[in-house]
Protein chains: 2
Amino acid sequence: MSVGIRHDDLRRRNRAMVIAAVRRAGQPSRTEIAATTGLSHSTISAISSDLIDEGILTESKANEPAASLKRGRPQIGLALNPEAAAVVTVVLSLNFLSVAVIDYAGQVVAEEQRRLDTLTMPREQLIGECVAIVRRRLEDPDLDVGSVARIAMGIQGITDSHARAMLWSPITPLTDIPFADILEKEFAIPAAMENDCNMMAVALQWRDPARYRDNFIAILLSHGIGMGLVLKGELFMGTHSSGGEFGHMIHRPGGALCRCGRRGCVEAYAGNYAIWRSAMGLSEDAEPTDVGDPEMRALAIKARQGDGPEREAYRRAGQALGFGLGSLFALIDPAPVAMVGVSAAAFDLIEPALREAIAQTAGGQHSKSISFDTEPNELPLIREGCAMRALNFVDQEIFAPGMQARTGKHVA
Amino acid sequence: MSVGIRHDDLRRRNRAMVIAAVRRAGQPSRTEIAATTGLSHSTISAISSDLIDEGILTESKANEPAASLKRGRPQIGLALNPEAAAVVTVVLSLNFLSVAVIDYAGQVVAEEQRRLDTLTMPREQLIGECVAIVRRRLEDPDLDVGSVARIAMGIQGITDSHARAMLWSPITPLTDIPFADILEKEFAIPAAMENDCNMMAVALQWRDPARYRDNFIAILLSHGIGMGLVLKGELFMGTHSSGGEFGHMIHRPGGALCRCGRRGCVEAYAGNYAIWRSAMGLSEDAEPTDVGDPEMRALAIKARQGDGPEREAYRRAGQALGFGLGSLFALIDPAPVAMVGVSAAAFDLIEPALREAIAQTAGGQHSKSISFDTEPNELPLIREGCAMRALNFVDQEIFAPGMQARTGKHVA
DNA sequence: AGTATTTTTTTGAGGCTCGAAAAAAAGGGC
DNA sequence: GCCCTTTTTTTCGAGCCTCAAAAAAATACT
């Protein structure tokens with residue numbers, strides 16, 4: 001039910017807004033913050049004074065030296081205090097686990113990576129590895145453990161809409177692992193379980209806000225096909241699960257066998273295994289197999305060398321993606337698309353058929369104006385997204401909490 | 001850019017919230033409002049006192065007599081003052097134009113309907129008819145014209161996302177008619193141009209909030225296939241146009257000819273003309289034709305009588321709708337669906353194939369839990385939706401405006 | 001050095017919401 | 001019939017928050 005706005009919520013929200021403005025802008029002056037938030041100078045002054053007293057922000061005299069040529073009292077840049085808090089990101093992907101500790105200003109202060117056989121690992125061991133790698137980072141004597149305010153874990157696969165559990169993942173036969181609860185209980189630090197493609201979208205929004213602002217799509221072209229969707233500037237998630245199962249939209253009813261067991265999904269034509277299967281001349285009913293990134297890169301090279309089954313496989317992948325995107329664009333209006341993952345490096349092979357297919361769909365009216373970016377490496381994006389997610393949580397929930405007995409307001 | 005919350009916004013929003021609570025609950029007491037909004041009694045008392053002074057609300061002593069058995073001071077019901085404002089709804093559909101005047105409490109106080117040949121009518125005449133029918137209602141001596149605060153026009157077809165213009169419609173070859181601007185200029189009353197399926201969704205939310213609250217889908221099965229989508233309790237609209245062109249998702253790449261000129265759209269299998277074409281044994285390439293509601297009803301009767309091309313046509317329609325819904329449910333999670341329009345009356349013929357198709361898609365995991373409602377008559381729904389839309393506009397934009405010099409606060 | 005310019009802080013006023021207490025309006029019990 | 005209890009509504013004072021304007025601060029220009 002919609003609920004009224006309490007008086008104290010106001011300060012809370014405006015605090016969060018100031019923090020967000022500083023995080024976005026880097027080192028804005030109070031005046032800049034006032035301009036972007038629309039609040040008055042006095043309000044900004046009061047709030048930032050509080051935040052500095054609480055150690056959340058710091059004044060950094062060193063504003064851009066170029067600006068010092070201006071007349072008048074020089075602006076004082078406000079920056080996030082790196083020591084105000086820290087967050088931990090955990091990214092679990094196929095046979096690979098990586099952790100990073102990130103300070104409040106967003107700098108990586110420590111990391112650790114580890115190979116493991118996720119496909120065969122039993123439940124307890126997989127959970128154990130994740131907990132252990134976090135524990136090792138937290139036990140680092142250089143780290144002030146008390147300052148770790150959030151753990152964000154990203155995983156390939158479907159998570160629940162409350163960001164608590166992994167429901168299903170291609171990297172393990174295991175299902176329904178409540179990683180967020182497990183980590184929270186283990187370390188007494190608030191945790192979240194995020195979907196990989198959603199984190200990619202968050203990272204893109206952070207990396208290039210000019211291009212990826214209000215509406216855009218991040219598509220992971222890897223073993224499976226995943227999607228992160230941002231609408232009106234917000235991550236779009238399903239009501240129960242992490243959302244957009246773009247890879248499992250139906251491309252051809254009753255068509256090729258998909259890893260999910262159904263037939264005709266987009267992924268059954270555009271996933272790594274599908275491209276491989278098609279290039280090798282195997283049946284569309286052939287059981288999906290794991291194909292490594294080096295093999296896929298070799299396949300792309302072969303496809304570029306001349307017309308043949310390899311090039312045809314990429315063409316079919318492009319067609320499936322194009323019709324899928326076309327249907328998506330029929331529902332939401334066209335938006336910028338980022339292609340991420342190993343097959344994004346072969347996007348030159350995919351794009352022609354993809355554009356042709358889009359042009360045949362409702363979204364195709366603007367097919368020429370739709371632009372694609374490619375990024376072959378998904379892992380850094382996922383980690384960055386987790387970091388931003390976690391930091392935003394700290395910004396909003398820890399440093400601008402619902403009810404807080406704020407102390408020492410007028411320190412004078 | 002996200003903007004701070006101003007202090008005066010607070011009262012504005014809480015006013016809007018009180019009005020909304022009264023509109024939803026009928027005749028709530030101040031205590032009930034305080035409970036549902038979470039605001040304090042004193043705030044509610046102050047706001048409702050203002051609203052009564054301004055003639056927006058009225059006290060209606062006559063609370064449910066059943067409640068008078070309770071001890072204590074009896075609650076005073078608050079109701080919307082029907083005379084506080086009025087709105088006009090205009091619904092333009094195939095060969096049919098209807099207008100209604102509705103008071104602030106939501107009661108219809110006047111209406112007029114008119115047949116006209118929308119398909120052949122030239123631009124100026126179509127606009128002229130719409131303006132003229134509104135003018136006749138506004139000239140009604142029984143009506144206090146000054147109180148008309150909003151005109152909401154609903155039309156079958158695509159509108160722009162700002163609710164200003166009709167971009168395209170199946171009921172006329174004309175395109176890009178800025179009806180909202182035209183009506184606004186003509187009558188100096190704020191106007192909006194709404195999409196029919198979106199209004200159906202708004203009406204469903206109002207009629208049965210228990211079932212249609214946060215996430216649901218309204219699908220119009222008529223000449224074309226349209227969709228209204230509500231996510232998180234809000235109408236989902238595209239960034240440029242009115243949104244969900246569900247009917248033009250691709251069902252079979254390169255398949256049957258659609259009215260939109262492309263091939264394989266859901267509509268090319270499930271629209272009236274598609275069912276008719278299929279039942280008559282015509283080619284999938286046959287030019288779409290207009291089929292009247294009586295013919296469609298006759299077709300459904302024939303299909304129920306025995307297996308044959310008619311039944312097969314409905315089966316195919318169900319299959320197309322099922323795969324479309326399945327793809328939609330892959331993107332958003334499954335939600336209740338309302339089928340509206342003449343073919344909703346033949347839903348018994350459509351449902352088996354539809355459910356079978358859904359079960360083959362990603363959304364199919366929950367296919368048994370997905371429930372369908374049917375409503376054969378779309379026009380009342382569209383009008384109701386327009387009325388609610390217009391009234392909500394008055395609630396929020398007129399009676400809780402951004403900046404207002406409120407007068408006579410403490411009348412004592 | 002003095003003036004101009006721009007940023008930041010301070011101050012006072014006005015509004016809003018909240019909690020507590022008072023007032024109002026019934027029904028119930030004796 | 002009168003007083004007490006219960007519940008709703010209003011009133012009142014306090015505490016915050018924001019805003020606008022003025023004051024203070026810091027630097028460039030002349």
Side-chain angles (χ1 to χ4, degrees), chain A residues 3-15 17-18 27-35 37-53 57 59 61 63 65-78 400 403-407 409-412, chain B residues 3-18 27-35 37-53 57 59 61-63 65-78 400 403-407 409-412:
Chain A
V3 125
I5 301 175
R6 317 299 241 33
H7 199 217
D8 16 345
D9 269 13
L10 220 154
R11 190 48 170 277
R12 200 194 104 246
R13 295 203 198 192
N14 286 343
R15 270 172 71 97
M17 192 144 298
V18 170
Q27 291 203 344
S29 69
R30 291 168 175 79
T31 308
E32 283 176 58
I33 298 173
T37 58
L39 296 171
S40 71
H41 286 192
S42 35
T43 302
I44 300 298
S45 184
I47 291 177
S48 48
S49 157
D50 283 3
L51 291 173
I52 289 170
D53 288 349
L57 298 185
E59 288 191 345
K61 258 300 184 316
N63 210 357
S68 70
L69 294 178
K70 287 194 304 184
R71 305 234 299 205
R73 179 172 173 172
Q75 305 188 4
I76 302 173
L78 293 177
M403 292 264 89
Q404 189 195 31
R406 275 188 292 285
T407 55
K409 187 69 46 60
H410 300 108
V411 184
Chain B
V3 128
I5 301 174
R6 318 300 243 25
H7 200 219
D8 19 343
D9 270 11
L10 221 153
R11 190 49 172 279
R12 200 194 104 245
R13 295 204 199 190
N14 286 342
R15 272 171 71 96
M17 191 142 304
V18 170
Q27 290 204 345
S29 69
R30 291 167 175 79
T31 308
E32 283 176 61
I33 297 173
T37 58
L39 297 170
S40 71
H41 286 191
S42 30
T43 303
I44 300 300
S45 184
I47 292 177
S48 48
S49 157
D50 282 4
L51 292 173
I52 290 170
D53 288 350
L57 298 186
E59 289 191 344
K61 256 305 183 314
N63 210 358
S68 71
L69 293 178
K70 289 194 302 184
R71 303 232 305 200
R73 177 172 174 174
Q75 306 187 3
I76 303 172
L78 292 176
M403 291 264 89
Q404 188 195 34
R406 274 188 292 286
T407 55
K409 187 70 44 63
H410 302 108
V411 184

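Lettering of chains follows the sequences in order, A, B, ..., and the numbering in each one begins at 1.
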Report, as a single string ordered 5' to 3', how protein heavy atoms within less than 4.0 Å touch nucleotides 18-24 of chain C: B base, S sugar-phosphate only, - not at all. BB----B
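- Rounded to an integer number of Å, the gap from CG of B:Leu78 to C1' of D:dT9 is 11 Å.
- In this structure, the nucleotide among C:dA26, D:dT6, C:dT8 sitting nearest to the side chain of B:Arg71 is D:dT6.
- Between the P atom of D:dT10 and the CG atom of B:Leu51 lies a distance of 12 Å, rounded to the nearest Å.
- The closest side-chain heavy-atom distance from B:Glu32 to B:Gln27 is not below 4.5 Å.
- Here the P atom of nucleotide C:dT17 and the CG atom of B:Asp9 are 12 Å apart, to the nearest Å.
- Screening B:Ile44, B:Asp9, B:Leu39 for a side chain to side chain contact (heavy atoms under 4.5 Å, CB included) involving B:Asn14 leaves a single residue, B:Leu39.
- Note: CD1 (A:Ile47) to P (C:dT10) measures 15 Å, nearest angstrom.
- One finds a side-chain N or O of A:Asn14 lying less than 4.0 angstrom from the OP1 or OP2 phosphate oxygen of D:dT18.
- Of the candidate nucleotides D:dT18, D:dA26, C:dA26, D:dA26 has the atom lying nearest to any side-chain atom of A:Pro74.
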Determine, stepwise, if the pair A:Leu78 / A:Ile52 fulfils side chain to side chain contact (heavy atoms under 4.5 Å, CB included). CA-CA 9 Å; A:Leu78 293 177; A:Ile52 289 170; 3.9 Å; yes
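- Contact between the side-chain N/O atoms of B:Ser45 and the OP1/OP2 oxygens of D:dT10 is found at a separation under 4.0 Å.
- In this structure, of C:dT9, D:dT18, D:dT10, it is D:dT18 that holds the atom nearest to the side chain of A:Leu10.
- For the pair A:Gln75 and A:Ser29, the tightest heavy-atom approach, listed with the atom from each and the gap, is OE1-OG, 2.6 Å.
- The distance between atom CD of A:Gln75 and atom C1' of D:dT27, rounded to the nearest whole Å, is 13 Å.
- Across every non-hydrogen atom of B:Ser48 and B:Ser45, the tightest pair is OG-O, 3.3 Å.
- Between A:Ile76 atom CD1 and D:dA24 atom C1' there is a gap of 13 Å when expressed in whole angstrom units.
- Residues passing the side chain to side chain donor-acceptor pair (under 3.5 Å) test with B:Thr31: none are found, sequence neighbours excluded.
- Atom CD in A:Glu59 sits roughly 11 Å away from atom P in D:dA26 (whole-Å rounding).
- Among C:dT17, C:dA26, D:dT10, the nucleotide with an atom closest to any side-chain atom of B:Arg30 is D:dT10.
- Between B:Arg13 atom CZ and C:dC16 atom P the separation is 15 Å, expressed in whole Å.
- Between A:Ile47 and A:Arg11, the closest side-chain pair of non-hydrogen atoms falls below 4.5 Å.
- Nearest nucleotide to the A:Arg11 side chain, out of D:dA26, D:dT18, C:dT8: D:dT18.
- Which of D:dT8, C:dT7, C:dA25 sits closest to the side chain of A:Thr31 comes down to C:dT7.
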